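Quick note on labels: first sequence line is chain A, next is B, and so on, each numbered from 1. Computed from a prediction, not measured in an experiment: that's the story for all the values here.
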Amino acid sequence: MKIVFMGTPDFAIPVLDNLVTEHEVVAVYTRAPKISGRGNRVNKTPVHLWAEAHHIPVYTPKSLKSVEEQNILQQHQAQLAVVAAYGLILPQTVLDMFPRGCINVHASLLPRWRGAAPIQRAIEAGDKQSGVSIMQMALELDAGDVWAQEAVTIPPYMTGGQLHDALSTVGGRLLLKTLRQLDTLSPTKQDETFACYANKIDKAESLLNFIMPAERILDKIRAFNPYPAMYFLYHGERFKVYEAELVDVSGHPGQIIEGEHELIIAAQNNAIRITKIQREGKQVMDVSALLRGFRFEKENI
RNA sequence: CGCGGGAUAGAGCAGCCCGGUAGCUCGUCAGGCUCAUAACCUGAAGGUCGUUGGUUCAAAUCCUUCUCCCGCAA
């Protein structure tokens with residue numbers, strides 16, 4: 001099938017990898033390169049780089065609302081558009097442009113976690129399972145009819161990064177399977193009563209607030225590992241927390257209970273033992289390694 | 001040229017401002033001690049202090065070139 005692919009971040013790469021094995025991807029749409037990263041260089045998106053490496057034409061319109069862009073899109077004469085974390089809103093004209101419409105790969109079991117950050121929000125909320133949905137796109141965000149779903153169990157220590165990788169792998173596989181069965185399957189409407197939204201990750205959320213139950217703090221640490229990573233400030237220096245575990249002791253929330261042989265900080269109830277940490281300018285390391293040359297005083301943070 | 005931090009023994013760090021024989025906590029190895037806490041005691045090995053050039057009687061330290069790593073912001 002002739003397909004136009006639309007996507008931007010790493011999540012879309014395994015989907016693309018799978019797609020090209022059975023279909024003809026005639027054009028790749030992705031977000032325009034932007035100034036980002038250290039040194040403020042102009043960087044292309046992961047999908048952009050992938051497409052160039054595979055010699056597939058790349059298009060980076062700022063919007064698909066203009067007639068000009070829509071005409072270009074039409075000229076690809078694709079039967080279907082596959083969308084995976086593209087980042088642009090598709091107007092109704094575009095949704096109707098292809099004989100088979102637009103199909104979206106979404107990293108949650110819809111209708112739960114519609115929106116921008118379904119992976120992190122699922123872990124942050126303590127969900128025991130997540131999954132991938134293949135959905136016929138509608139104008140309303142992530143509300144289209146669902147062709148297929150595959151669940152993925154979230155083990156207690158799974159991080160956001162691990163779930164991301166797991167779901168993108170499943171997504172690529174499930175998409176292919178669904179496309180093969182497109183003529184025999186019939187999509188299911190989403191039950192609106194179970195819909196909830198995964199808000200974008202805000203940097204301000206990554207400052208650790210110890211006035212909450214330790215279990216919730218641990219969920220946030222897992223969800224935000226490796227990005228953007230929860231952090232706390234100690235003597236004005238930022239320490240990113242990558243892994244931690246529950247400890248059955250208590251103290252004033254934010255108090256460093258132990259900081260010499262291990263790092264334990266009190267939460268609202270119980271406490272957390274931080275096991276993987278990153279100091280400013282340093283690599284991520286085991287806390288035990290850091291504590292060979294560094295010591296936390298038993299203060300409140 | 002967006003802002004900033006870093007590179008010192010296998011690991012993590014201090015020393016640099018204020019130049020004067022390379023330190024700490026661990027790890028490793030050897031020996032000793034022990035009912036006992038992540039045991040303790042003694043000793044040893046292990047460094048061209050990231051790279052280039054300069055200043056100086058003398059550079060980990062001051063100036064300079066380059067490389068690599070990282071945080072922030074966007």
Side-chain atoms of residues 248-259 of chain A: list all donor-acceptor pairs with protein atoms under 3.5 Å, sequence neighbours left out, distances to 0.1 Å.
residue   : atom : partner   : partner atom : Å
Gln255(A) : OE1  : His252(A) : N            : 3.3
Glu258(A) : OE2  : Glu260(A) : N            : 3.0
Glu258(A) : OE2  : His261(A) : N            : 3.3

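- Figure legend. rG46(B) is base-paired to no nucleotide; pairs are counted as Watson-Crick or G-U wobble with both atom distances under 3.5 Å.
- Nucleotides rC26(B) and rC35(B), compared at atom C1', are 27 Å apart to the nearest Å.
- Separating the P atom of rU67(B) from that of rG23(B) is a span of 34 Å, rounded to the nearest Å.
- Nearest heavy atom pair, residue Met230(A) against residue Lys220(A), reads CG-O, 3.8 Å.
- Proximity of residues 293-301 of chain A to RNA chain B (heavy atom under 4.0 angstrom from any strand atom) is restricted to Gly293(A).
- Summary of the strand contacts: Gly37(A) and Leu290(A) both lie near RNA chain B, and taking for each the nucleotide with the nearest heavy atom, the more 5' one is attributed to Leu290(A).
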Stepwise side chain to side chain contact (heavy atoms under 4.5 Å, CB included) check, Phe11(A) with Asp165(A): CA-CA 7 Å; Phe11(A) 181 81; Asp165(A) 294 347; over 6 Å; no
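- If you take atom P in rG4(B) and the same atom in rU8(B), they sit 23 Å apart, rounded to whole Å.
- Rounded to whole Å, the separation between the P atoms of rC33(B) and rA38(B) comes to 23 Å.
- Put simply, the side chain of Arg222(A) gets close to the backbone of Met158(A): a donor and an acceptor are under 3.5 Å apart.
- Using a 4.0 Å heavy-atom distance criterion, Lys240(A) is classed as a sugar-phosphate-only contact.
- Shown here, rA7(B) forms a base pair with rU67(B); the pair counts as Watson-Crick or G-U wobble because both key distances fall under 3.5 Å.
- Between His54(A) and Trp50(A), the ring-plane angle classifies as parallel under the 30° and 60° cut-offs.
- The partner of rC40(B) is rG32(B), by the rule that a Watson-Crick or G-U pair needs both atom distances under 3.5 Å.
- Mapped onto RNA chain B by nearest heavy atom, Met285(A) and Gly281(A) fall at different nucleotides, with Gly281(A) at the one closer to the 5' end.
- To the nearest whole angstrom, the two C1' atoms, one in rU55(B) and one in rU61(B), are 13 Å apart.
- For residues 58-107 of chain A, the ring-ring contact (aromatic ring centres under 6.0 Å, His included) pairs, not counting sequence neighbours, are Tyr29(A)-Tyr59(A), Tyr29(A)-His76(A), Tyr59(A)-His76(A).
- For Leu233(A), the CG atom is densely surrounded, since the number of other residues' heavy atoms within 6.0 Å is greater than 12.
- Residues from residues 220-235 of chain A lying near RNA chain B, meaning a heavy-atom separation below 4.0 Å, are absent.
- Chain A approaches RNA chain B over the interval rG2(B) to rA74(B), counting the first and last nucleotide 5' to 3' with an atom under 4.0 Å from its heavy atoms.
- Within the structure, the salt bridge (Lys or Arg N to Asp or Glu O under 4.0 Å) test picks out the following pairs touching residues 43-58 of chain A (sequence neighbours left out): Lys44(A)-Glu52(A).
- For the pair Glu124(A) (side chain) and Asp219(A) (backbone), a donor-acceptor distance under 3.5 Å is absent.
- Taking atom C1' in both rC24(B) and rA60(B), one finds a spacing of 16 Å when rounded to whole Å.
- Counting only N and O atoms by type, the side chains of Thr193(A) and Asp191(A) include a donor and acceptor under 3.5 Å apart.
- In this structure, rG2(B) and rC72(B) make a Watson-Crick or G-U wobble pair, each of the two defining distances being under 3.5 angstrom.
- With a cut-off of 3.5 Å on both Watson-Crick or G-U wobble distances, the partner of rG27(B) is given as none.
- With both ends at atom C1', the span from rC62(B) to rC68(B) equals 24 Å, rounded to whole Å.
- Aromatic rings from Phe294(A) and Phe239(A) are positioned such that their centres are separated by under 6.0 Å.
- Shown here for Leu19(A) and Leu176(A), the closest heavy-atom pair between the two residues is CA-CD2, 4.2 Å.
- The gap from the P atom of rU42(B) to that of rG10(B) amounts to 25 Å, rounded to the nearest Å.
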